[in-house]
Amino acid sequence: MYQAKFVKDIYSMHLVKQILWFFIGFFILFILRKVKIRFFFHYSFYFYVFSLLLLFLVLFFGKEINGSKAWFSFKFFNFQPSEFMKISLLLYLSKLTDDFHYHKREFFYLFKCFIVTLLPSILVFLEPDTGAIIFYFLLLFSSYVLSGIRKRWFVLAFLIFSLVMGTFIYLYLFKQDFLIHYLGTSIFYRMDRLIHFKEGSGMQINNALITIGNSGLWGSFLQNSLLYVPEFPTDFVFTLLISLFGFVGGSLLIVCLFTLCYYFINLLTQTQDLSYKIFIHGFLYLFLFQQIYNIFMNLGLVPIMGIPLPFLSYGGSNMIVYFIFLGLILNIKKRTY
């Protein structure tokens, strides 16, 4: 159980670092608005290969945090390559989809995009980082949606996915030695977290629900009382915000996030260039999924998977990546209008 007396004790150095990342993010956003946007799409393959190389190297030279070897550790900060792969992957998928409209080789396009998404997914699976895999395939799906491919491919993909999941469930229930031999014992820990999350055995979920339930309309920002806030800076920053600002603060945050989504949707409808459209569409999928999943995770409705709340959860890599996304999208807006 985490106890804190006041907001200054809650965030401590996390708040200082987070403000620093905000300033760095805004500076990067300003720079990206000045660069020709076509540069990023033209060289997207090289960005992708470089990000893939970083994901490979982090398995050997990375720092292990909470059982996951996913960070390069430097003197003043940690760097997470899987976050930056989101940008590289979406840029490259946008370019591949745009090329597909010129060549019309449907199967080749589908297969190439799948392999491009599968390679980083395998590397982050080995870290392990299950959340990143979801993001990568979400970006793949968003690209397919706007690509204009025939609907039968979606039906086929659903059947293949069902077959793979059915096979995995069979092996998990009846052939566990086979899974241990090829995937190791960690796969059972991950599955147990998904299957048994509703049993309420986790301190974090219990404390988060207690905090949210006792925060009231306005929260405890001006009160010198003890708060139950587990893992507050990262996965449960939404719980922290509710505890400080109550139902009113949480509602205001949700309105702000969905107002941003409306802005991106409006820009998406105005954009004509397909590669730009794919990029905004993929980011919108990412942004919506991440905020909805994190809020549901804080409410105990979905398993805890380490998915941060955009712009609020502590973490330099995730913060900088979202500012890079925003810089590129604002650059696209400038070109569009």
Side-chain angles (χ1 to χ4, degrees), residues 21-55 79-104 109 112-113 116-117 120 132 135-136 138-149 257 259-291 310-311 316-337:
W21 290 123
F22 258 104
F23 277 109
I24 295 174
F26 273 115
F27 177 75
I28 293 173
L29 183 151
F30 177 78
I31 296 298
L32 289 176
R33 290 186 72 248
K34 303 298 181 180
V35 182
K36 288 186 177 180
I37 189 64
R38 272 296 166 193
F39 167 83
F40 298 100
F41 290 92
H42 184 71
Y43 292 101
S44 58
F45 173 74
Y46 300 101
F47 293 136
Y48 170 79
V49 171
F50 180 69
S51 298
L52 205 61
L53 179 62
L54 291 178
L55 285 178
F79 168 73
Q80 190 174 6
S82 61
E83 288 291 332
F84 288 85
M85 173 53 82
K86 296 174 186 175
I87 303 172
S88 303
L89 179 62
L90 183 54
L91 282 170
Y92 193 39
L93 288 174
S94 301
K95 185 178 184 303
L96 289 175
T97 306
D98 192 40
D99 292 341
F100 162 65
H101 273 253
Y102 289 100
H103 303 293
K104 294 298 181 182
Y109 160 74
K112 188 173 183 178
C113 287
V116 162
T117 307
F135 292 141
Y136 298 161
L138 196 65
L139 295 177
L140 175 67
F141 178 74
S142 72
S143 301
Y144 283 166
V145 168
L146 287 188
S147 65
I149 59 174
L257 289 173
T259 301
L260 266 178
C261 289
Y262 175 78
Y263 170 80
F264 296 132
I265 292 171
N266 186 55
L267 180 59
L268 181 66
T269 58
Q270 308 257 348
T271 305
Q272 300 301 319
D273 186 286
L274 182 61
S275 56
Y276 297 166
K277 210 175 184 70
I278 294 292
F279 187 82
I280 298 172
H281 191 249
F283 171 76
L284 187 60
Y285 269 50
L286 202 69
F287 187 61
L288 264 173
F289 173 80
Q290 201 160 332
Q291 59 183 292
F311 298 111
S317 296
N318 184 262
M319 180 74 71
I320 296 300
V321 161
Y322 264 97
F323 272 106
I324 292 174
F325 270 123
L326 282 183
L328 294 174
I329 289 174
L330 291 176
N331 199 324
I332 289 172
K333 179 188 176 182
K334 185 169 66 174
R335 302 288 179 254
T336 300
Y337 288 101

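Heads up: numbering here begins at 1 and tracks the sequence.
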Before you tell me yes or no, could you show the steps for Ile278 and Asp98 under side chain to side chain contact (heavy atoms under 4.5 Å, CB included), namely the whole-Å CA-CA distance, both residues' side-chain angles and the distance that decides it to 0.1 Å? CA-CA 9 Å; Ile278 294 292; Asp98 192 40; over 6 Å; no
Would you sort out whether Phe323 and Phe22 count as a ring pair (Phe, Tyr, Trp, His ring centres under 6.0 Å), showing the intermediate values? CA-CA 9 Å; Phe323 272 106; Phe22 258 104; 5.7 Å; yes
Chi angles and distances behind the side chain to side chain donor-acceptor pair (under 3.5 Å) call for Tyr322, Glu83: CA-CA 9 Å; Tyr322 264 97; Glu83 288 291 332; over 6 Å; no
Apply the test ring pair (Phe, Tyr, Trp, His ring centres under 6.0 Å) to residues Phe279 and Phe325: give CA-CA distance (whole Å), side-chain angles for both, the deciding distance (0.1 Å), then the verdict. CA-CA 9 Å; Phe279 187 82; Phe325 270 123; 5.7 Å; yes
Carefully, step by step, assess Phe135 and Gln290 under the rule side chain to side chain contact (heavy atoms under 4.5 Å, CB included). CA-CA 9 Å; Phe135 292 141; Gln290 201 160 332; 3.7 Å; yes
Applying side chain to side chain contact (heavy atoms under 4.5 Å, CB included) to Phe26 and Trp21, what does each step give before you reach the verdict? CA-CA 9 Å; Phe26 273 115; Trp21 290 123; over 6 Å; no
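Proximity of His281 to Phe264: side-chain heavy atoms (C-beta onward) are nowhere separated by under 4.5 Å. Using a 4.5 Å cut-off on side-chain heavy atoms (C-beta onward), Leu139 and Thr117 make no contact. Annotation: side chain of Gln291 is in contact with side chain of Cys261 (closest heavy-atom distance under 4.5 Å). Using a 4.5 Å cut-off on side-chain heavy atoms (C-beta onward), Tyr109 and Ile149 make contact. Between Leu267 and Tyr262, every side-chain heavy-atom pair lies at or beyond the 4.5 Å cut-off. Looking at Phe50 and Tyr46, their side chains never come closer than 4.5 Å, going by heavy atoms from C-beta outward. Proximity of Leu146 to Thr97: side-chain heavy atoms (C-beta onward) are nowhere separated by under 4.5 Å.
Annotation: the span from Gln270 atom CD to Ile280 atom CD1 amounts to 10.0 Å, rounded to 0.5 Å. Atom NZ of Lys333 sits about 14.5 Å away from atom CD1 of Ile37, to the nearest 0.5 Å. We find the CG-OG distance between Leu328 and Ser94 to be 10.0 Å, quoted to the nearest 0.5 Å. With rounding to the nearest 0.5 angstrom, the SG atom of Cys113 is 5.0 Å from the CG atom of Leu93. The distance from atom CG of Asp99 to atom OG of Ser275, rounded to the nearest 0.5 Å, is 9.0 Å. A distance of 10.0 Å separates CG in Leu91 from CD1 in Ile324, rounded to the nearest 0.5 Å.
Legend: residues meeting ring-ring contact (aromatic ring centres under 6.0 Å, His included) with Tyr136, ordered by chain and number and at least two apart, are absent. In this view, Phe40 satisfies the ring-ring contact (aromatic ring centres under 6.0 Å, His included) rule with no residue, not counting sequence neighbours. Judged as a ring-ring contact (aromatic ring centres under 6.0 Å, His included), and not counting sequence neighbours, Phe30 has no contacts.
Ser51 and Ser88 share a side-chain donor-acceptor pair at under 3.5 Å.
Asn331 places a side-chain N or O within donor-acceptor distance of the main-chain N or O of Leu32, the cut-off being under 3.5 Å. Side-chain N or O atoms of Lys334 include one that pairs as donor or acceptor with a backbone N or O of Arg33 at under 3.5 Å. Of the possible polar contacts, one joining the Tyr48 side chain to the Val116 backbone as a donor-acceptor pair under 3.5 Å is found. In this structure, the side chain of Asn318 does not engage the main chain of Pro310 through any donor-acceptor pair within 3.5 Å.
Atom OH of Tyr285 is surrounded by more than 12 heavy atoms from other residues, nucleotides or ligands within 6.0 Å. Enclosure of atom CZ in Phe47 by more than 12 non-hydrogen atoms of other residues, nucleotides or ligands within 6.0 angstrom is indicated.
Ring to ring, Phe84 and Phe79 are close: their centroids are under 6.0 angstrom apart.
Scanning all heavy atoms of the two residues, the minimum distance from Leu55 to Pro120 falls at CD1-CB, 3.7 Å.
A cation-pi arrangement is absent between Lys95 and Phe41, since the terminal nitrogen or guanidinium carbon is not both under 6.0 Å from the aromatic centre and inside a 45° cone about the axis.
In this structure, Asp273 pairs ionically with Arg38, as a charged nitrogen and a carboxylate oxygen lie closer than 4.0 Å.
Note: Phe283 and Phe287 have parallel aromatic rings, judged against thresholds of 30 and 60 degrees for the angle between ring planes.
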